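What follows is a short report on a single structure.
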Amino acid sequence: MSELAAQKASLRRAVRAEGKALTPPFLMESDLALWQHARHYAPLWEAHTVFLYAGNGFEPNTRPIFEELLRRGARVCLPLCRDGGRMEARQVTSWRALVPGPWDILQPRDDAPLVPFEEIPLALVPGLLFDRQGYRLGQGGGYYDRFLATYRGGTFALCRDLFLYDTLPLSSHDRPVDAVLTETRLFPPAKRGED
């Protein structure tokens, strides 16, 4: 294992331990603050199709975003994990239609409509950690690294302030998301003259 891979593995272990120690009241309060902040993130509500994920464990709860996007008439897709570390975007019209997939993460059924990534203007990207430049440390499976290597739409992330770092160890293939929303802030901060 390279030094960089060892650093990332060590960080993953530490964050998973920290995440498992978070209390339900803390997670509920944090999720509510993230939702309130996401309600004002214009690109999310302007997109006609959004690629989401179902938050698992101590990840942010994405169901309120899912429900609100459907209420507004948007097409919502979630990842269906396939062999070889690849994902497909499948349209979902009800949270109840999701089924447990690998690692007990909720995902669409095999018969859910396939949506080409080229038709998706915005994707919510998960991560254990993010930094202020938008780089992420994922779970280590490589699914989103492969996705981000070719996806050309906009990207954003939800990250608890607790898991926002100044910098993260980076590999040459790492790609940042366009924006990271925490309970209190948006990173990278908007430049002068931008909202």
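Being a predicted model, the structure only gives us computed values, none of them experimental. Basis for what follows: all heavy atoms, side chains included, without hydrogens, waters or symmetry-related copies.
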Taking [X] for its side chain and [Y] for its backbone only, find out whether a donor-acceptor pair lies under 3.5 Å.
X    : Y    : answer
D178 : T155 : yes
E29  : F26  : no
R12  : Q7   : no
Q107 : C81  : yes
R136 : V125 : no
D31  : N61  : yes
R160 : F58  : yes

Worksheet item: Do C159 and Y165 have side-chain heavy atoms sitting under 4.5 Å apart?
Response: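 The answer is no, as the side chains (C-beta and beyond) never meet within the 4.5 Å cut-off.
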Fill in: Check: L52 and I65 side chains under 4.5 Å, non-hydrogen atoms
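With C-beta onward as the side chain, the pair touches.
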May I ask you to check whether [X] and [Y] place their ring centers less than 6.0 Å from one another?
X    : Y    : answer
Y41  : F156 : yes
F51  : Y151 : no
F187 : F130 : no

Item to complete: For salt bridge (charged side-chain N to carboxylate O under 4.0 Å, His left out), just list the numbers for R82 and D110, CA-CA rounded to whole Å, side-chain angles, deciding distance to a tenth of an Å, and then say yes or no.
Response: CA-CA 10 Å; R82 294 298 195 187; D110 280 342; 3.3 Å; yes
Practice prompt. Answer yes if the side chains of T182 and D161 hold a donor-acceptor pair under 3.5 Å, and no otherwise.
Written response: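 Looking only at side-chain atoms, D161 and T182 do form a donor-acceptor pair, the distance falling under 3.5 Å.
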Fill in: Side-chain donor-acceptor contact under 3.5 Å, E183 with S30
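Per modelled atom types, E183 and S30 side chains form a pair under 3.5 Å.
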Worksheet item: Any salt bridge between E119 and R75, counting N to O under 4.0 Å?
Response: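 Looking at R75 together with E119, the answer is yes, because their closest N to O distance falls below 4.0 Å.
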Item to complete: Look at E67 together with R71 and state whether they make a salt bridge at an N to O cut-off of under 4.0 Å.
Response: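 A salt bridge is absent here (no side-chain N lies under 4.0 Å from a carboxylate O).
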Worksheet item: Pick one: which of I120, V76, L69 meets side chain to side chain contact (heavy atoms under 4.5 Å, CB included) with T49?
Response: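 With T49 as partner, side chain to side chain contact (heavy atoms under 4.5 Å, CB included) holds for just one option, I120.
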Discussion item. Let me confirm one number: the CD-CG distance from Q133 to L170, rounded to the nearest 0.5 Å.
Written reply: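 Rounded to the nearest 0.5 Å, the CD-CG separation comes out at 8.5 Å.
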Worksheet entry | Distance (rounded to the nearest 0.5 Å) between L114 CG and C77 SG |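 Here the interatomic distance stands at 9.0 Å.
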Worksheet item: Does atom CZ of R109 have more than 12 heavy-atom neighbours from other groups under 6.0 Å away?
Response: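 No - once you tally the heavy atoms of other residues, nucleotides and ligands closer than 6.0 Å, there are 12 at most.
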Discussion item. Would you say that more than 12 heavy atoms from the other residues, nucleotides or ligands in this model lie under 6.0 Å from the CG of D104, or not?
Written reply: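 No - once you tally the heavy atoms of other residues, nucleotides and ligands closer than 6.0 Å, there are 12 at most.
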Discussion item. For a quick test of reading the model, state the closest non-hydrogen atom pair linking D174 to P169 and the distance between them.
Written reply: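 So the minimum-distance heavy-atom pair works out to OD2-O, 4.2 Å.
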Worksheet entry | Pairs meeting criterion side-chain hydrogen bond (donor to acceptor under 3.5 Å, both in side chains) with involvement of residues 90-99, two or more places apart |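 Counting only pairs at least two positions apart or across chains, the side-chain hydrogen bond (donor to acceptor under 3.5 Å, both in side chains) contacts touching residues 90-99 are E88-R90.
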